[in-house]
Amino acid sequence: MIEITDTDGKAGCPMNEGFIARGASLSESETARARFPFYRELRGAQPVYFDPKLNMYLVTRYDDVQAVFRDPITFSMKKGYEKTYASGHQEEFQAILKRDGGGFFRDGIMSDPPEHTRLRKLYEKAFTAHRVKGLEERIRTIIVDIIEGVAAKGSAEVVADIAGPITAGVICEQLGLDRGEIDTATVQRWSFAVVAQLGFMQDREQMIKNAATMCEMQNYLIAKIREREQEPREDLISDLVHARIDDAENPTLSFEEKVSSVRAMLIAGNETTASAIANMFYVLATEPEVARKCRDAVDDERLIGRFVEELLRREPPVHGLTRMASRDVELGGVTIPEGSHMMVMFASANDDDAEFACPREFNTERPNLSRQVGFGGGVHRCVGSALARSELKVVAQEIVRRLGDIRLDIAVEDIAYVPSASNHMIRHLPITFTRRG
Amino acid sequence: MITVTFVEANGAERVIKDVNTDQSLMEVGRANGVEGITADCGGACACATCHVYIDPAWEAVVGQADDVEAMTLDMAPNLKPESRLSCQIQLRAELDGLKVTVAPAF
């Protein structure tokens with residue numbers, strides 16, 4: 001066997017695997033499967049890399065990613081969102097939503113300051129760390145029910161049997177939606193249709209199908225919004241519908257804002273948190289040392305919190321999100337022309353050894369864990385991070401308490417991922433385990 | 001109206017006067033562009049980007065972090081016993097003259 005050496009001739013990890021030389025793209029499955037070596041090569045040689053197939057610049061170094069976070073005007077969310085929404089079929093998509101779905105509602109939160117600030121402040125109040133702490137026992141009840149439901153069976157498919165039902169269950173309860181009316185499959189189908197409008201891989205036929213799904217979803221949510229307008233309840237839809245905003249000219253949400261807000265709350269935490277749960281099972285099943293750390297942390301709030309944060313650092317479900325350059329701007333030694341699309345690679349920043357020593361090592365005692373950017377950063381940082389952390393923490397605890405000897409029931413090379421440049425999402429993860437306790 | 005002082009990580013003192021008490025210390029820092037108070041999560045106690053050290057003379061008046069804040073602070077770099085998240089410090093008349101130092105981000 002030939003030992004691969006890096007350019008200094010030292011034995012060790014290869015620094016250059018030829019990704020740049022062959023013009024690799026995150027849209028190719030072979031590159032997407034080797035994401036971390038790809039990012040490492042880019043950080044070393046071309047930290048702001050033009051991905052020829054995605055037609056966008058990938059920003060890979062921690063410091064450059066932070067520079068994007070700090071300047072939401074130059075690196076615009078709104079411009080990219082408006083340009084790419086519905087993957088080039090926007091006019092037809094809007095017409096379908098207006099005709100059959102109660103209207104076309106832009107995501108008000110996918111905007112730039114100061115417009116962005118109005119909705120952002122409202123959303124921040126919904127999921128503060130303190131408010132989520134108060135929800136934790138309810139979250140635990142939902143999670144325990146679902147894990148207990150599979151515990152005696154000895155095997156499960158993590159995405160469909162555990163992760164999806166947990167995230168859908170938690171958010172539906174928060175919003176006050178009846179799980180008898182919308183099951184996990186419905187929530188997932190709706191989420192997929194909404195998220196597909198932000199991706200770049202939807203053809204016209206898929207757009208028409210997704211638009212019909214979104215119409216179904218909006219009609220359902222609009223009926224719930226109308227109910228809460230008449231008669232408020234103790235739930236998040238009522239809170240949003242009746243919210244008073246710190247904005248003297250427009251102190252309440254418009255109808256468009258209400259629909260886009262309820263829709264965003266329902267969708268935002270589903271696929272991402274479910275992905276993080278699947279990643280957690282994958283790591284527990286394949287890395288005994290990490291599984292041991294999880295067991296040791298189970299009854300210690302500080303340690304289990306750190307376990308979750310390190311998992312999100314090393315295996316973030318969202319690998320990157322897009323922005324558009326609103327002017328010519330220099331970043332990482334490259335001039336990015338006005339109007340260019342960019343993807344800010346959170347996963348690469350979290351893997352940058354200039355910020356996190358030995359980045360592939362799972363180390364819960366890192367002194368700078370709060371600087372991990374799995375939730376993004378700046379004004380667009382994930383507004384539901386406290387809820388996601390809480391779900392992940394309780395899942396970790398209840399897995400350890402109820403399931404033992406977790407193993408993959410599939411060969412690692414057979415695990416399929418959802419095709420996506422921005423998300424690292426396991427499609428199916430069959431596992432086996434024993435019942436504990 | 002009260003006065004609060006932030007000492008930025010580079011040593012610069014930012015004395016901010018005529019501050020309304022209907023806000024958190026973080027909101028004052030952010031509104032006045034204090035270096036190092038980025039407050040990404042907007043005051044949700046979820047990100048530790050508004051980390052400050054309370055001047056020893058003020059520790060007793062300001063009080064201690066609660067459990068939720070302590071969990072978030074724990075993961076922040078350069079943690080000290082006098083660390084607090086400024087988003088969790090609601091201003092009030094007794095804090096007139098409060099002085100804090102912005103913790104270095106890394």
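To find a chain, count down the sequence lines: A is the first, B the second, and so on, and within it residues start at 1.
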> Under a 4.5 Å heavy-atom cut-off, does chain A meet the side chain of B:Ala70, its backbone, both or neither?
Replying inline: neither

>> If I compare all heavy atoms of B:Pro77 with all of A:Arg371, which pair ends up nearest, and what's the gap?
In response: CG-CD, 3.8 Å

> Between A:Arg366, A:Arg70, A:His380, which has the largest tally of heavy atom pairs under 4.5 Å with chain B?
Replying inline: A:Arg70

>> Could you measure the distance from the CD atom of A:Glu309 to the CE atom of B:Met71? Nearest 0.5 Å is fine.
In response: 9.0 Å

>> For A:His130 versus B:Gln88, what's the shortest heavy-atom pair and its separation?
In response: CE1-OE1, 3.1 Å

> CG of B:Asp40 to SG of A:Cys382: how many Å apart, nearest 0.5 Å?
Replying inline: 12.0 Å

> Is it true that atom CD of B:Glu35 has more than 12 heavy atoms of other residues, nucleotides or ligands lying nearer than 6.0 Å?
Replying inline: no

> If you measure from the Lys or Arg side-chain nitrogens to the Asp or Glu carboxylate oxygens, is any gap between A:Arg302 and B:Asp67 under 4.0 Å?
Replying inline: no

> Where is the tightest heavy-atom contact between A:Arg381 and B:Cys41, given as atom of each residue plus distance?
Replying inline: NH1-CB, 3.8 Å

> What do you reckon, is CG of B:Asn10 surrounded by more than 12 foreign heavy atoms closer than 6.0 Å?
Replying inline: yes

> Checking A:Arg389 against chain B: side chain, backbone, both or neither under 4.5 Å from a heavy atom?
Replying inline: side chain

> If you draw a 6.0 Å radius around CD in B:Gln64, do more than 12 non-hydrogen atoms from other residues or ligands fall strictly inside?
Replying inline: no

> In terms of heavy-atom pairs under 4.5 Å, which option from A:Arg306, A:Arg120, A:Gln372 contacts chain B the most?
Replying inline: A:Arg306

> Just how far is it from atom CG of B:Asp74 to atom CG of A:Leu303, taken to the nearest 0.5 Å?
Replying inline: 8.5 Å

> Do you know which of A:Ser385, A:Ala386, A:Gly378 has the most heavy-atom pairs with chain B at a distance under 4.5 angstrom?
Replying inline: A:Gly378

